[in-house]
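One structure below.
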Amino acid sequence: MKMESDEELLIGDEIEPQNENNNDEEEERKRERERIRKEKMRRKLMKEAKKARMRGVCYLSRVPPKMDPPKLRQILSQYADIERIYLAPEDPAATVKRKKSGGFRGQEFSEGWVEFTNKRVAKSVASMLNGGQIGGKKRSQFYYDIWNIKYLSKFKWDDLTKETALRRAEREQKLAMEISAAKKEGDFYLSKVDQSRALSSIKERLKKKQKTQSEQGNGDQPENQQVRKVIRQFPQTRPVVEKEAKTKGKLSKELLAEVFNTSS
């Protein structure tokens, strides 16, 4: 029995190092997989950054009516490869005015940005199309429209996103200020309404009190007599100048005649 227990202890001692070695190998494999994943991610980011440096952005100062991003992509894709397109919606006030006048009831855009895969191609496309007719098929609604496109040197898509976020923040801040001003105006109006109601109730109570007194036998005051307005009079001090003018002595005419006669 003692020999069997000794053999079991020896076998247990051999198994423990094996388990530790297996754990170390598993941890090493995990670290290797993590390193490979990070390396792939780094290469992918470097590749994307290189592609981003090669891209170019063109600016559209005017978007033809009824033009939307899919239609614009379809037209410009004939000249070069396009990455992204952003068209800024027109002012809501202009949209309401256009719809009231019976114009196009869909979404229209005021300006836009187009990102091309190659900045050299973007520059050549902008110089070729700017000021020219959009053309295409004659039955197309954009046939007679003119291109207003310009290549933006050293301008990247990230700059556009920053500018868009800044405009959105400014618009939200302006909207919050307008809401706050409208709330203050509404609170002021409600306070004036409450004040007017309070004054009206005071007048009604005074009228009822006067009517009650007249019914009880105060015949001196007529029933339709209105409440007299109390006009307060405050004593006014006279100006010092007027007092000095009154108290100041005046030279008599006789004295003046004697002075002038002696001098002559």
Side-chain angles (χ1 to χ4, degrees), residues 59-71 85-113 141 148 158-253:
Y59 172 68
L60 295 170
S61 61
R62 176 185 174 273
V63 179
K66 300 182 182 181
M67 176 76 78
D68 56 6
K71 293 178 182 177
I85 294 176
Y86 173 73
L87 300 181
E90 67 177 351
D91 187 41
T95 304
V96 173
K97 185 177 180 181
R98 172 170 49 81
K99 290 181 179 181
K100 284 184 177 180
S101 61
F104 178 59
R105 303 190 66 82
Q107 177 67 57
E108 289 195 359
F109 305 92
S110 58
E111 56 184 355
W113 290 263
Q141 54 189 346
N148 292 280
D158 293 339
D159 300 331
L160 175 60
T161 55
K162 290 178 183 177
E163 184 179 356
T164 306
L166 181 62
R167 289 183 179 179
R168 187 182 295 111
E170 290 178 353
R171 185 168 58 252
E172 290 177 356
Q173 184 179 6
K174 184 178 179 181
L175 180 61
M177 292 175 64
E178 291 178 354
I179 292 173
S180 177
K183 186 177 179 181
K184 288 181 180 179
E185 185 176 354
D187 294 341
F188 178 76
Y189 173 76
L190 292 176
S191 66
K192 290 297 181 183
V193 169
D194 294 338
Q195 186 178 359
S196 177
R197 288 177 179 174
L199 292 174
S200 299
S201 63
I202 291 171
K203 290 180 181 179
E204 290 294 330
R205 287 199 300 269
L206 289 174
K207 286 182 180 179
K208 288 180 181 180
K209 184 177 180 181
Q210 182 182 1
K211 187 176 181 181
T212 304
Q213 290 177 356
S214 62
E215 289 176 355
Q216 289 178 356
N218 293 334
D220 297 337
Q221 296 180 352
E223 294 182 358
N224 297 328
Q225 183 179 0
Q226 296 181 354
V227 180
R228 292 183 180 181
K229 293 183 179 180
V230 179
I231 300 175
R232 297 183 180 180
Q233 295 182 356
F234 298 94
Q236 302 290 332
T237 57
R238 294 182 178 275
V240 180
V241 179
E242 294 182 1
K243 291 182 180 180
E244 291 180 354
K246 290 182 178 180
T247 57
K248 187 176 180 181
K250 296 182 179 180
L251 296 175
S252 61
K253 294 181 180 180

Query - Gap between atom OG of Ser110 and atom CG of Leu60 - 0.5 Å precision - result: 11.0 Å
**Report entry** Pairwise distance CZ(Arg205) to OG(Ser200) - rounded to 0.5 angstrom
**Finding:** 10.5 Å
Requested in this report: Kindly give the heavy-atom pair with the smallest separation between Gln141 and Lys71, and that separation in Å.
Outcome: NE2-NZ, 3.4 Å
Query raised in the report: Minimum heavy-atom separation for Arg62 to Pro65, with atom names?
Result: NH2-CD, 3.6 Å
**Report entry** Residues that Glu204 engages under side-chain contact (heavy atoms from CB on, under 4.5 Å), provided they are two or more places apart
**Finding:** none
Requested in this report: Could you tell me which residues satisfy side-chain hydrogen bond (donor to acceptor under 3.5 Å, both in side chains) with Glu111, sequence neighbours excluded, listed by chain and number?
Outcome: Tyr59, Arg167
Query raised in the report: Do other residues, nucleotides or ligands put more than 12 heavy atoms under 6.0 Å from the NZ atom of Lys209?
Result: no
Query raised in the report: Should we count CD of Glu178 as having more than 12 external heavy atoms under 6.0 Å?
Result: yes
Side-chain donor-acceptor contacts of residues 188-195 below 3.5 Å, not counting sequence neighbours, with atom names and distances?
| from | atom 1 | to | atom 2 | distance (Å) |
| --- | --- | --- | --- | --- |
| Ser191 | OG | Asp187 | O | 3.4 |
| Ser191 | OG | Phe188 | O | 2.6 |

Which donor-acceptor pairs under 3.5 Å do the side chains of residues 87-94 make with protein atoms, sequence neighbours left out?
| from | atom 1 | to | atom 2 | distance (Å) |
| --- | --- | --- | --- | --- |
| Glu90 | OE2 | Thr95 | OG1 | 2.9 |
| Glu90 | OE2 | Arg98 | NE | 3.3 |
| Glu90 | OE2 | Arg98 | NH2 | 2.3 |

**Report entry** Under 3.5 Å donor-acceptor, Thr212 side chain and Lys208 backbone
**Finding:** yes
